[in-house]
Amino acid sequence: MELTRRPRRLRKNENIRDLIHEYDVGLSDLVYPVFVMEGEGKKEPIPSMPGIFHYTLDTLAEHMKEVWDLGIRAVLFFGIPDHKDAVGSEAYRPDGIVQRAIRQTKEAYPDMVCIADICLCEYTSHGHCGLIRDGRILNDETLELLSRTALSCAQAGVDIVAPSDMMDGRIGHIRKTLDENGYEDVLIMAYSIKYASAFYGPFREAAHSAPAFGDRKTYQMDWRNKKDALVEAGLDVEEGADILMVKPALAYLDVVSMIAEKYPLPLCAYSVSGEYSMMKAAAGNGWIDEEKVVMESMTAMKRAGAKILITYYALDIARWLKKQ
Ligand code: PBG
């Protein structure tokens, strides 16, 4: 039999491959996470995340110039406060560290999309994402504080709030609070599908936010499940989310794909700290080709159906794209 179908014809040379290829990673897909802390003149490395630092506001200003000049147009802020307490009050202080970072960044770069992670765990002395009584998380009482945090970020000029706490009902609560205060235009990017993942390890070291007791399994999702991702996403859509997120990314591309097919909202994949650390470590040892492995992984996230990629590799990717 004569062979007429030859898929290999489509791979004949580089220009043909470029002509027909479907998925790409571009600058406009990227969100760069940034850690900000109190103090002055400091830029502290995070040992398990080479290339990622804690910035004080002045060093952040310098760094933002680099970020902007590389063509990155979206940043996600995490705050490292000096003082933590049982109710995470630094999270919703009008002049908290993240609120000041937003103000400063929007002043220097009004067109930079500023996103604020909305959660209490970096701000609570016990390291949990909500209020705690008798060792249990208080869902409904936490909502009020999350809304206050989101509102204070909106007042500072944030474009998008990204609740990562996983309390039930937080998207609706935050939407209502924003709308009642005249911030109808602030978007909500919901960490809709957030698994209780060991891949967050380096982040918790970076944010000093490991829970002092217990774990986050009563509010973050069980990675042995897939169907409840539909429930979580469905609720967030109903409650008013503008953008959905799946987190972590690389080990959860089946979930990314399922959510992309089911919901017509922009979808974000968060390639978390552990994913970054693994690639950095292997690259640092010369065991993998860093650029190729990172670009392959990011393209896989696009292929699975994500549009937005949150990655600590954003600046490296911007440099690699520039070089092409
Ligand atoms: C806050 C939050 C976490 C991450 C993003 N927002 C930590 C956690 O839930 O433990 C993880 C990000 C990463 O690992 O890169 N709740």
Side-chain angles (χ1 to χ4, degrees), residues 31 76-78 87-89 91-92 94 96 98-99 102 113-124 128-133 136-196 216-222 225 227-247 255-256 258-260 262-270 306-308 310:
V31 176
L76 168 62
F77 287 116
F78 291 101
V87 294
S89 39
Y92 37 90
V98 163
Q99 289 81 353
I102 294 165
V113 176
C114 285
I115 310 173
D117 183 90
I118 305 296
C119 195
L120 298 186
C121 67
E122 296 118 74
Y123 305 92
T124 50
H128 278 285
C129 302
L131 296 175
I132 297 280
R133 189 180 300 139
R136 289 176 62 183
I137 201 103
L138 300 175
N139 189 93
D140 295 6
E141 290 166 49
T142 300
L143 299 183
E144 199 58 51
L145 300 183
L146 294 168
S147 275
R148 271 171 73 179
T149 306
L151 181 58
S152 67
C153 290
Q155 285 160 342
V158 87
D159 298 286
I160 304 178
V161 291
S164 70
D165 52 283
M166 291 302 278
M167 295 304 120
D168 291 331
R170 81 251 207 249
I171 302 303
H173 200 284
I174 290 172
R175 184 71 270 160
K176 186 160 175 280
T177 303
L178 291 174
D179 290 352
E180 282 170 0
N181 286 278
Y183 294 102
E184 296 90 352
D185 290 344
V186 171
L187 284 80
I188 300 182
M189 176 162 78
Y191 283 74
S192 301
I193 294 123
K194 178 173 177 179
Y195 287 94
R216 301 206 212 286
K217 288 182 183 164
T218 63
Y219 41 105
Q220 296 182 355
M221 292 161 62
D222 186 336
N225 295 338
K227 280 187 291 200
D228 59 350
L230 293 172
V231 177
E232 290 284 358
L235 286 168
D236 287 356
V237 171
E238 268 172 36
E239 291 176 32
D242 300 289
I243 301 171
L244 302 179
M245 190 200 298
V246 174
K247 175 187 173 188
V255 181
V256 171
M258 179 177 73
I259 297 299
K262 175 92 186 174
Y263 294 100
L265 292 184
L267 181 59
C268 171
Y270 192 146
K307 166 56 182 73
I308 304 167
I310 303 181

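Values reported hereafter were calculated over all heavy atoms of this structure, with side chains retained and with hydrogens, waters and symmetry mates removed.
Between Y270 and F78, the ring planes are tilted. Angles from 30° to 60° get that label.
Between R133 and E141 the shortest side-chain heavy-atom distance falls below 4.5 Å. Annotation: side chain of T124 is not in contact with side chain of I132 (no heavy-atom distance under 4.5 Å). Between I137 and H128 the shortest side-chain heavy-atom distance falls below 4.5 Å. Residues L265 and I243 form no side-chain contact, since every pair of their non-hydrogen atoms from C-beta on lies 4.5 Å or further apart. Proximity of R170 to E239: side-chain heavy atoms (C-beta onward) are nowhere separated by under 4.5 Å. Contact annotation: the side chain of C268 never approaches that of K307 to less than 4.5 Å [non-hydrogen atoms, C-beta and beyond]. A heavy-atom distance below 4.5 Å is not found between the side chains of P94 and Q155.
Considering M221, Q220, K194 as possible partners of K247, the one that fulfils the side-chain contact (heavy atoms from CB on, under 4.5 Å) test is K194.
When every heavy atom of D165 is checked against every heavy atom of I118, the shortest pair comes out as OD1-O, 3.7 Å. Across all non-hydrogen atoms, the minimal contact from L143 to D168 is CD2-O, 3.6 Å. Residues D242 and L187 approach most closely at OD2-CA, 3.4 Å, considering heavy atoms. Considering all non-hydrogen atoms of both residues, M258 and A229 come closest at CE-CB, 3.8 Å. Closest of all the heavy-atom pairs between T149 and S152 is O-OG, 2.8 Å. Taking both residues in full, the closest heavy atoms of I171 and G240 are given as CG2-C, 4.0 Å, listed atom of the first, atom of the second, then distance.
Salt bridge annotation for R175-D236: absent, with no cationic side-chain nitrogen under 4.0 angstrom from a carboxylate oxygen.
A distance of 11.0 Å separates CE of M167 from CG of L145, quoted to the nearest 0.5 Å.
Remark: V31 engages A74, L76, I115, I308, I310 in a side-chain contact (heavy atoms from CB on, under 4.5 Å) (not counting sequence neighbours).
Each salt bridge (Lys or Arg N to Asp or Glu O under 4.0 Å) pair with one or both residues in residues 148-159, not counting sequence neighbours, appears once here: K106-D159.
Side-chain contact, Y191 with D117: a donor N or O sits under 3.5 Å from an acceptor N or O.
The 12-atom threshold is not exceeded at CG of D185, counting heavy atoms of other residues, nucleotides or ligands nearer than 6.0 Å.
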